[in-house]
Amino acid sequence: MNLDMELLEHRRLLATRIWDGGGGDALWTTAANWVDDTAPVENDELVFPTGAAQLTNTNDFAGNTNFASITINASGYSLGGNEIDLDGSITTTYTAGTSTIDAFINLQSTQTFDVATGGELIADDSIFGGGVSI
């Protein structure tokens, strides 16, 4: 009996990476800044929760690194740094206060941003792509 085999493309499951800000700097590529000391990689979902040690942080990944989504669960965050390609949405869950994204966001498709009632999200740089420019 002959078995024919076909090589399939490489597949990787998306991971959710949760910021804890526990590193000696505030850079996204520093593993110690993330839960389980595992830095995100391209296409991961990023979560910025309540109780993190550093709320001001910097995306130092190469410009246009793609991430699946960004969720901010506490006010007071300031996300800055290099341009991000974003497949999914930006969601906030806090109901009071403000967080800021100070980086270009290039939407890879049409998205809906979900900002919880009572909270505020300020995008200091441009959000563009996906058929929109803000």
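In this pair, Phe67 and Phe61 present their aromatic rings perpendicular. The plane angle is above 60°, beyond the 30 to 60° band. Classification of the Phe48-Trp28 ring pair by plane angle, with boundaries at 30° and 60°, yields tilted.
Residue Thr30 comes nearest to Ala39 through the heavy atom pair C-CB, 4.4 Å, listed as atom of the first residue, atom of the second, then distance. For Tyr94 against Glu120, the heavy-atom pair with the smallest separation is OH-O, 2.7 Å. The heavy-atom pair separating Ala74 from Pro49 by the smallest distance is CB-O, 4.0 Å. Nearest heavy-atom pair, Gly21 versus Ala53, reported as atom, atom and distance to 0.1 Å: O-CB, 3.4 Å.
Remark: the backbone N or O of Asp60 is not paired with any side-chain donor or acceptor of Thr29 at under 3.5 angstrom. A donor-acceptor distance shorter than 3.5 angstrom exists from the side chain of Asp44 to the backbone of Ala15, with no hydrogens or angles considered. Distance alone, capped at 3.5 Å, places no donor-acceptor pair between the Asp36 side chain and the Thr38 backbone. Within the 3.5 Å criterion, the main-chain N or O of Tyr77 finds a donor-acceptor partner in the side chain of Ser99. A distance-only check finds a donor-acceptor pair linking the side chain of Asn33 to the backbone of Gly23 [under 3.5 Å].
Contact of the Glu83 side chain with the Asn106 side chain is registered, since non-hydrogen atoms from C-beta on lie closer than 4.5 Å. Residues Asn59 and Ile84 are in side-chain contact: their nearest non-hydrogen atoms beyond the backbone lie under 4.5 Å apart. Two residues are said to be in side-chain contact when any heavy atoms from C-beta on lie closer than 4.5 Å; Leu46 and Trp34 meet this criterion. Counting heavy atoms from C-beta outward, Leu86 and Gln108 have side chains that stay 4.5 Å or more apart. Proximity of Leu79 to Thr100: side-chain heavy atoms (C-beta onward) are nowhere separated by under 4.5 Å.
Val47 and Val35 fall within a single hydrophobic cluster, where Ile, Leu, Val, Met, Phe, Trp and Tyr are joined by side-chain heavy atoms under 4.5 Å apart, directly or via other members. Cluster membership for Phe113 and Ile72, using ILVMFWY side-chain heavy atoms within less than 4.5 angstrom, is shared. Placement of Ile101 and Ile18 in two distinct hydrophobic clusters is found when ILVMFWY residues are connected by side-chain heavy-atom separations under 4.5 Å, directly or transitively.
With rounding to the nearest 0.5 Å, the separation of OG in Ser89 from CG in Leu107 is 10.0 Å. Leu121 CG to Ser75 OG: the interatomic distance, rounded to the nearest 0.5 Å, is 11.5 Å. Summarising the geometry, atom CD1 belonging to Ile90 is positioned 12.0 Å from atom OG1 belonging to Thr112; distances are rounded to the nearest 0.5 Å. Within the model, atoms CG of Asn57 and OG of Ser78 stand 7.5 Å from one another, a figure rounded to the nearest 0.5 Å.
Looking only at atom types and distance, the side chain of Asn64 has no donor-acceptor partner in the side chain of Asn82 under 3.5 Å away. For Asp87 and Asn66, the side-chain atoms include at least one donor-acceptor pair closer than 3.5 Å. Checked by atom type, the side-chain pair Asn73/Thr93 shows a donor-acceptor distance below 3.5 Å.
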ask   = Going through the distances and angles, do Thr91 and Ile70 end up as a side chain to side chain contact (heavy atoms under 4.5 Å, CB included)?
value = CA-CA 6 Å; Thr91 302; Ile70 297 173; over 6 Å; no
Chi angles and distances behind the side chain to side chain donor-acceptor pair (under 3.5 Å) call for Thr56, Gln54 = CA-CA 6 Å; Thr56 298; Gln54 300 182 73; over 6 Å; no
